[in-house]
Amino acid sequence: MDRQLISRLAHAHHPIAAPLADESVARLLDRATAGQEEGRALDLGCGEGAWLLRALAARPGWQAVGVDLDARALTLARETATALGVERRIGLHHQDATEFSAKEPFDLVLCVGSTHAFGGLLPTLAAARELLAPGGRLLVGDVFWQREPSQAALDGLGAAREDYADLATTTDRVMAEGWTPVSGYVSTEHEWDDYEFAWTGTLAEWVLDHPDHPDAAAAREAADRHRTEWLHGYRGTLGFVTYLLRRD
C-alpha cells in the first residue's frame, strides 16, 4: 500500500503530523510570528498544509508557500485553502523539499516532523538557512531520546542508538550549527498518546468501514504493526521537541 495514502488516512483526525495538540500548535505559531503583521512563511514537507492554513486564517497579512511530494495532499490543501478564503495567499509546490529554491527569502520556515526528507535534523537546519531572511525564524520539530532506548524500542523504530540523542545533546548540536533557540516546546506524554491512538485508530477504522477495499489488509497490517511498535517499544522512550530558532 502506498505510504503517502497510509499517511493521509492515518492523519485524517490529526492533521498535524506530529505529537502536538491544537493548543500547542497555536502557541508555537503565535510565538513564531510575534511582532510581524506581514510576512512570508514556507513549510518544507507541508502535507495537507495544516500549519500554513492555520497561520493564514489567523494572520491576514501573511502569505505562504508549501512544498510536498504527495500530490493528493496538496490537492486537499488547495481545497481547504479555498474553503477558508485564503487560496490567493498560498502557493503549493509538488516537489522534493530538498530541491526547492526561491527568489525571495522567507520570514518563517517550518519543518515539523519532516526532517527525514533532508536526512535528519542537522541537514534540515542547513537547508533552512539558505531559505531564511535575515532575522527570520525557523520552527523545526524532531525526535530525541527521552530516556535510554531499550532494544525493543530500537526494533520498533527500526533505529540505532546513535540515530538520535538526548534533549541536551540535541540542543547542543543545534547551537553548534549556528542557531539560537529563542523558544521551544517538548511534547507531553498525553500528546504522544493522543497522536499515536489517532494514527493507528483512524487507519484501523478506515479498514472497518472499507473491508472490501483492495488495500484493506495492508492498511490493517500497517495499523497493527505501528500500534505494537509504539506500545511495546518506544512509548515513553522517544521524545519530540519543537524549536523556534534564529540564526546567530
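Everything quoted here is computed from the prediction, not taken from an experiment.
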Quiz prompt | Over 12 foreign heavy atoms within 6.0 Å of CD, Gln95 | solution = yes
Who are the side chain to side chain contact (heavy atoms under 4.5 Å, CB included) partners of [X], not counting sequence neighbours?
| X | value |
| --- | --- |
| Gln151 | Leu154, Asp155 |
| His213 | Trp206, His210, Asp215, Ala216 |
| Glu189 | Asp193, Arg235 |

Could you check whether any side-chain N or O of [X] sits under 3.5 Å from a backbone N or O of [Y], counting only pairs where one atom can act as donor and the other as acceptor?
| X | Y | result |
| --- | --- | --- |
| Ser187 | Pro19 | yes |
| Arg40 | Asp107 | no |
| Arg247 | Ala133 | yes |
| Thr33 | Leu29 | yes |

Looking at every heavy atom in both [X] and [Y], which two are closest together, and how far apart are they?
| X | Y | result |
| --- | --- | --- |
| Arg246 | Gly136 | CG-O, 3.7 Å |
| Ala97 | Val67 | CA-CG1, 3.9 Å |
| Ala12 | Thr202 | CB-CG2, 3.8 Å |
| Ala73 | Arg8 | N-CD, 3.9 Å |
| Leu108 | Ala32 | CD1-CB, 3.9 Å |
| Gly119 | Pro123 | O-CG, 3.9 Å |

Less than 3.5 Å apart, which donor and acceptor atoms pair up between the side chains of residues 176-185 and the rest of the protein, not counting sequence neighbours?
unit_1: Thr180; atom_1: OG1; unit_2: Asp248; atom_2: OD1; d: 2.4
unit_1: Tyr185; atom_1: OH; unit_2: Ser24; atom_2: OG; d: 3.4
unit_1: Tyr185; atom_1: OH; unit_2: Glu191; atom_2: OE1; d: 2.8
unit_1: Tyr185; atom_1: OH; unit_2: Glu191; atom_2: OE2; d: 3.4

Quiz item: Is any side-chain heavy atom of Thr237 less than 4.5 Å from a side-chain heavy atom of Pro149?
Solution: yes
Practice problem: Side-chain contact test, heavy atoms from C-beta onward, threshold under 4.5 Å: evaluate it for Arg161 versus Glu148 and give yes or no. | Solution: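 They are in contact (side-chain heavy atoms under 4.5 Å apart), so the answer is yes.
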From [X] atom [atom1] to [Y] atom [atom2], the distance as rounded to the nearest 0.5 Å:
| X | Y | atom1 | atom2 | result |
| --- | --- | --- | --- | --- |
| Leu5 | Arg3 | CG | CZ | 12.5 Å |
| Ser114 | Asp68 | OG | CG | 7.0 Å |
| Leu69 | Glu99 | CG | CD | 8.5 Å |
| Leu208 | Arg220 | CG | CZ | 6.0 Å |
| Arg129 | Thr124 | CZ | OG1 | 13.0 Å |
| Thr82 | Arg88 | OG1 | CZ | 10.5 Å |

Filter on ring-ring contact (aromatic ring centres under 6.0 Å, His included), then keep only pairs touching [range], sequence neighbours left out; what's left?
| range | result |
| --- | --- |
| residues 69-112 | His93-Phe100 |
| residues 113-157 | Trp145-Tyr164 |
| residues 62-83 | none |

Just checking [X] against [Y], ring centres under 6.0 Å apart?
| X | Y | value |
| --- | --- | --- |
| Trp192 | Phe197 | no |
| His14 | Trp199 | no |
| His11 | Tyr195 | yes |

Excluding sequence neighbours, so at least two apart, what forms salt bridge (charged side-chain N to carboxylate O under 4.0 Å, His left out) with [X]?
| X | answer |
| --- | --- |
| Glu196 | none |
| Arg89 | none |
| Glu23 | none |

Exercise. Given side chain to side chain donor-acceptor pair (under 3.5 Å), test Thr169 with Asp172 step by step and report yes or no.
Key: CA-CA 5 Å; Thr169 303; Asp172 289 344; 5.3 Å; no
Quiz prompt | Worked verdict on Thr115 versus Leu44 for side-chain contact (heavy atoms from CB on, under 4.5 Å) | solution = CA-CA 9 Å; Thr115 59; Leu44 298 167; over 6 Å; no
Self-check item: Remaining members of the apolar cluster that contains Met175, side-chain heavy atoms under 4.5 Å
Solution: none
[X] and [Y]: same hydrophobic cluster, using ILVMFWY side-chain contacts below 4.5 Å?
| X | Y | answer |
| --- | --- | --- |
| Val174 | Val143 | no |
| Leu92 | Leu84 | yes |
| Leu244 | Leu138 | no |
| Val86 | Leu42 | no |
| Leu121 | Leu110 | no |

Practice problem: Begin from the C-alpha positions of Leu245 and Leu125 and carry the test side-chain contact (heavy atoms from CB on, under 4.5 Å) through to its verdict. | Solution: CA-CA 10 Å; Leu245 305 172; Leu125 299 180; 3.7 Å; yes
Quiz item: Checking side chain to side chain donor-acceptor pair (under 3.5 Å) for the pair Thr171/Tyr243: CA distance, chi angles, key distance, verdict?
Solution: CA-CA 9 Å; Thr171 305; Tyr243 294 106; 2.7 Å; yes
Exercise. Given salt bridge (charged side-chain N to carboxylate O under 4.0 Å, His left out), test Arg59 with Asp30 step by step and report yes or no.
Key: CA-CA 10 Å; Arg59 297 159 183 82; Asp30 284 345; 2.7 Å; yes
Return all side-chain donor-acceptor pairs below 3.5 angstrom for residues 47-57, not counting sequence neighbours, or 'none' if the list is empty.
unit_1: Arg54; atom_1: NH1; unit_2: Asp22; atom_2: OD1; d: 3.0
unit_1: Arg54; atom_1: NH2; unit_2: Asp22; atom_2: OD1; d: 3.4

Quiz item: What do the steps show when you test Arg78 against Ile90 for side-chain contact (heavy atoms from CB on, under 4.5 Å), and what is the final call?
Solution: CA-CA 8 Å; Arg78 290 188 184 94; Ile90 188 170; over 6 Å; no
Exercise. Mind running side-chain contact (heavy atoms from CB on, under 4.5 Å) on Thr242 and Val140 for me, showing each step along the way?
Key: CA-CA 6 Å; Thr242 306; Val140 60; over 6 Å; no
